[in-house]
Amino acid sequence: MDYVNYGIVRLPYSDKVRVVAQTNGDVETFCDCEQLTGHNGFVMIPFSVTDDSPVLLVRPDVDVTMPYESVIRGVGACEVRIESGDKETYMSQFNLFHDSVCSDFDKLVLSRCVDGRYRGDETAVFAKACASYPRSMVYMFHSAKEGTWIGATPEILLSGKRPRYNTVALAGTNIYSENLMWSDKNKEEQSLVAQYIRDSLYSYTTDLKENGPYTSRAANLAHLKTDFSFDIMSDIDVVTLVRVLHPTPAVCGLPKEKALAYINRYEHSRRRYYSGVTGVLDVKGETELYVNLRCAHFKDGYVRLYAGGGIMRDSDAESEWNETESKLHTICSVLS
């Protein structure tokens with residue numbers, strides 16, 4: 001891209017991309033997602049706002065939809081080398097989080113990351129992700145200060161156009177197979193997230209409809225998914241719904257505020273924009289905001305990949321480690 005600050009979105013099953021770019025100046029920063037009220041553009045909302053992870057907004061000086069091939073034409077190669085994951089640290093963190101779930105929480109989500117080095121054009125990673133994961137929303141965000149984030153995520157936070165919007169409860173993960181059977185742990189996890197969404201939307205929406213839960217495929221993985229559609233009340237701003245929904249128990253835990261504080265205090269690696277919100281915020285037109293999963297951060301020759309999983313009372317450490325390995329494979333497979 002010729003722009004210094006931009007965001008690109010390829011929606012599921014689409015052969016087009018939406019490009020939002022600034023022609024000058026730095027991206028706008030905010031200390032709270034509520035400050036996005038009235039703004040349009042490509043947003044990066046962190047899991048939890050900090051001084052070095054504010055809410056970011058690419059102003060839509062340019063906002064165009066174009067064929068996918070127009071963006072990737074002439075893209076060079078990107079060579080990446082990823083280090084092995086630190087299983088010992090993860091297991092120690094799992095035990096800490098699991099003990100806390102057994103005593104104080106319904107659910108906690110534990111994330112981890114792996115690091116590496118890269119050389120070349122990151123846009124090649126975006127191009128391969130688009131080709132490899134047609135069922136996912138694939139995005140690329142770049143700013144002069146932040147570097148580049150690329151992800152392929154299956155989880156809608158808020159999608160649609162006033163007054164009708166959609167969201168999903170996406171929780172429970174397994175390796176995809178035709179005859180997949182879901183464990184009680186996964187079913188309970190999905191149920192908690194779905195009930196949280198019902199409760200959260202109650203005061204802000206009307207005509208709430210839902211479909212599910214059902215098995216939804218995302219690359220080599222499968223998730224339990226429930227779709228929700230609703231009308232937003234006329235006096236409610238879209239940003240209000242973002243604030244109410246984010247972070248969902250699918251990436252945080254329950255009780256929400258207590259889990260958020262716990263994760264920020266005890267999780268070994270900082271999530272920054274992983275498990276935050278990314279996409280196009282358009283107050284008058286089509287808003288497409290997704291939870292930032294299966295993502296990588298590129299900057300100054302270094303790359304960091306993120307993944308996480310929900311911990312319940314009957315969670316097993318080895319199974320949870322394997323789940324994060326499978327999720328990391330989603331983005332690792334487009335780095336090779």
Side-chain angles (χ1 to χ4, degrees), residues 1 6-20 42 64-78 80 121-142 148-161 165-180 211-229 250-251 274-275 277-280 286-296 298 305-307 323 325-336:
M1 297 293 291
Y6 60 85
I8 310 173
V9 173
R10 198 293 313 271
L11 294 177
Y13 301 105
S14 176
D15 60 357
K16 293 181 172 60
V17 294
R18 185 172 179 181
V19 179
V20 176
F42 190 98
V64 295
T65 299
M66 62 179 67
Y68 157 73
E69 290 81 4
S70 300
V71 173
I72 67 167
R73 188 177 296 123
V75 167
C78 187
V80 185
D121 188 350
E122 306 100 306
T123 309
V125 177
F126 171 77
K128 190 171 181 182
C130 286
S132 301
Y133 302 119
R135 297 179 179 87
S136 296
M137 179 275 230
V138 182
Y139 81 93
M140 179 175 180
F141 164 86
H142 178 82
T148 303
W149 285 79
I150 297 173
T153 172
E155 185 171 351
I156 296 170
L157 185 87
L158 195 65
S159 172
K161 183 177 182 180
Y165 290 93
N166 307 290
T167 190
V168 301
L170 193 76
T173 303
N174 216 323
I175 301 297
Y176 178 79
S177 69
E178 291 292 338
N179 301 311
L180 177 61
N211 174 43
Y214 61 92
T215 298
S216 175
R217 185 176 181 180
N220 63 316
L221 299 178
H223 304 284
L224 276 172
K225 183 177 182 180
T226 302
D227 300 313
F228 295 87
S229 63
V251 297
Y274 165 69
S275 68
V277 179
T278 186
V280 179
E286 292 284 343
T287 286
E288 298 289 350
L289 297 175
Y290 280 67
V291 181
N292 190 16
L293 307 175
R294 323 288 198 270
C295 61
F298 299 80
L305 284 61
Y306 297 83
E323 179 179 318
E325 287 283 279
S326 297
K327 289 175 177 176
L328 286 168
H329 175 75
T330 299
I331 194 67
C332 274
S333 65
V334 299
L335 296 177
S336 58

For a quick test of reading the model, state the closest non-hydrogen atom pair linking [X] to [Y] and the distance between them.
{"X": "C130", "Y": "Y68", "answer": "CB-CE1, 3.4 Å"}
{"X": "G279", "Y": "L289", "answer": "C-CD2, 3.7 Å"}
{"X": "P154", "Y": "R294", "answer": "CG-NH2, 4.3 Å"}
{"X": "K161", "Y": "E286", "answer": "CB-OE2, 3.7 Å"}
{"X": "L157", "Y": "T167", "answer": "O-OG1, 2.7 Å"}
{"X": "I331", "Y": "I150", "answer": "CD1-O, 4.3 Å"}

Could you grab the distance from atom [atom1] of [X] to atom [atom2] of [Y], nearest 0.5 Å is fine?
{"X": "I175", "Y": "E323", "atom1": "CD1", "atom2": "CD", "answer": "8.5 Å"}
{"X": "I156", "Y": "Y165", "atom1": "CD1", "atom2": "OH", "answer": "13.5 Å"}
{"X": "E155", "Y": "K225", "atom1": "CD", "atom2": "NZ", "answer": "9.0 Å"}
{"X": "L158", "Y": "N166", "atom1": "CG", "atom2": "CG", "answer": "8.5 Å"}
{"X": "M140", "Y": "F298", "atom1": "CE", "atom2": "CZ", "answer": "8.0 Å"}
{"X": "K327", "Y": "L221", "atom1": "NZ", "atom2": "CG", "answer": "7.5 Å"}

Looking only at the side chains, is there a donor atom on one of [X] and [Y] sitting less than 3.5 Å from an acceptor on the other?
{"X": "H142", "Y": "T148", "answer": "yes"}
{"X": "S326", "Y": "Y176", "answer": "no"}
{"X": "N179", "Y": "S177", "answer": "no"}

**Message:** Working note: Y139 + Y290, criterion side-chain contact (heavy atoms from CB on, under 4.5 Å); need CA distance, chi angles, decisive distance, verdict.
**Reply:** CA-CA 10 Å; Y139 81 93; Y290 280 67; over 6 Å; no
**Item:** Trace of the side-chain contact (heavy atoms from CB on, under 4.5 Å) decision for F42 with T278
**Value:** CA-CA 7 Å; F42 190 98; T278 186; 3.4 Å; yes
A side-chain contact here means heavy atoms from C-beta on lying under 4.5 Å apart; do [X] and [Y] qualify?
{"X": "F228", "Y": "N211", "answer": "no"}
{"X": "N292", "Y": "T153", "answer": "no"}
{"X": "L305", "Y": "C332", "answer": "yes"}
{"X": "M137", "Y": "E288", "answer": "no"}
{"X": "V17", "Y": "V138", "answer": "no"}
{"X": "Y214", "Y": "L224", "answer": "no"}
{"X": "V20", "Y": "Y6", "answer": "no"}

**Request:** May I have the step-by-step check of side-chain contact (heavy atoms from CB on, under 4.5 Å) for I8 and F141, ending in yes or no?
**Result:** CA-CA 6 Å; I8 310 173; F141 164 86; over 6 Å; no
**Message:** The test is side-chain contact (heavy atoms from CB on, under 4.5 Å); show your working for R135 and R217 and say whether it passes.
**Reply:** CA-CA 8 Å; R135 297 179 179 87; R217 185 176 181 180; 3.9 Å; yes
**Message:** Tell me if a side-chain donor or acceptor on S14 pairs with a main-chain N or O of R10 at a distance below 3.5 Å.
**Reply:**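 Absent.
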**Asked** Distance-only, no hydrogens or angles: does the R18 side chain make a donor-acceptor pair with backbone N or O of L11 under 3.5 Å?
**Response**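 Not confirmed, R18 side chain does not pair with L11 backbone.
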**Message:** I want to know whether W149 and Y306 have ring centres closer than 6.0 Å.
**Reply:**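 Judged by ring-centre distance (under 6.0 Å), W149 and Y306 do meet the cut-off.
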**Prompt:** Does the pair H223 and T173 meet the rule for a side-chain hydrogen bond (donor to acceptor under 3.5 Å, both in side chains), with working shown?
**Reply:** CA-CA 5 Å; H223 304 284; T173 303; 3.2 Å; yes
